[in-house]
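When reading the values below, keep in mind they use all heavy atoms of this one structure, side chains included, and skip hydrogens, waters and symmetry mates. Here the structure is a predicted model, which is why all the values come from computation and not from measurement. Read the numbers this way: they start at 1 and go in the same order the structure lists the ligands and their atoms.
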Amino acid sequence: MKFFVDTANLDQIREAYEMGVLDGVTTNPSLMAKEGIKGEENCRKHYVAICELVDGDVSAEVIATDYQGMIREGEELAALHPNIVVKVPCIAEGIRAIKYFTDKGIRTNCTLVFSPGQALLAAKAGATYVSPFVGRLDDIASDGIELIEKIVDMYAYYGFKTQVLAASIRSTQHIIQCVEAGADVATCPLSAIKGLLNHPLTTSGLATFLADHRKVNS
Ligand code: G3P
């Protein structure tokens, strides 16, 4: 199970990397906007800055929605750094672009996936990763984790190599559910990753150990 952090914030990426368990980063246009990064050149500089912080895959999303535009943008993004994975929306032109990138040896992340059928097309086009959005399905009273289970089963049954990257993870509980569902990767807010550490028996047990040590050493 790989951990990616789902943010464009350099401090959070650095903190996650320093924890020693980070395998990569995902970004999207909304996360870039949240950091106030505007303009093509600044976005690209920011992607390079992220790549220099992390030894792992960094998803950078195309803005174009037409085939030629996606190809041009994706090739430019991929040329920025060897860690870049080109993130492409799951629309018809996007699937066609993923097939093109696959044939060129450029790694891709098919994003905005909400159904097994979309995940099937992404895998058939050769996507490196598929990103089903767990939290956004839960938001509309659907079942995001069930979608992860269905995609994991389908890929295993047919032997697809595409990795299931569970996205739109909102909580520590989501991470555990993704592990149980067999996701290859979860891209999470840093707070959800840190939440994995929380256990009251760890906190109380450590306090007791330290108190006992102090009793005989003071
Ligand atoms: O990068 C895609 C993603 O993880 C979106 O998350 O919380 O905006 O649904 P969220």
| Any nitrogen or oxygen of T187, main chain or side chain, under 3.5 Å from a nitrogen or oxygen of ligand 1? | no

| field | Side-chain donor-acceptor pair present, N9, E35, cut-off under 3.5 Å | value | yes

| For D6 and ligand 1, does the shortest N/O to N/O distance drop below 3.5 Å? | yes

| request: For atom 8 (O) of ligand 1, find the nearest protein heavy atom and state the residue, atom name and distance (0.1 Å precision). | output: R136 NH2, 2.8 Å

| query | Within a reach of under 6.0 Å around CG of D55, are more than 12 heavy atoms found that belong to other residues, nucleotides or ligands? | reply | no

| request: Verify whether one side chain among Y100 and E75 offers a donor that lies under 3.5 Å from an acceptor in the other. | output: yes

| request: Indicate if V134 and V130 have the same hydrophobic cluster label, given that clusters are the connected sets of ILVMFWY residues with side-chain heavy-atom separations under 4.5 angstrom. | output: yes

| field | A167 neighbourhood, listing ligand 1 atoms whose heavy-atom distance to it stays under 4.0 Å | value | 4 (O)

| Is ligand 1 under 4.0 Å from a heavy atom in the side chain of K87, in the backbone, in both, or in neither? | side chain

| task | Show which atoms of ligand 1 fall inside a sub-4.0 Å distance from at least one heavy-atom site of R170. | result | 7 (O), 9 (O), 10 (P)

| When you check the side-chain N and O atoms of T26 and T187, is any donor under 3.5 Å from an acceptor? | yes

| Would one find an N or O of S168, backbone or side chain, under 3.5 Å from an N or O of ligand 1? | yes

| message | Any side-chain to backbone donor/acceptor pair from D23 onto F4? Under 3.5 Å, distance only. | response | no

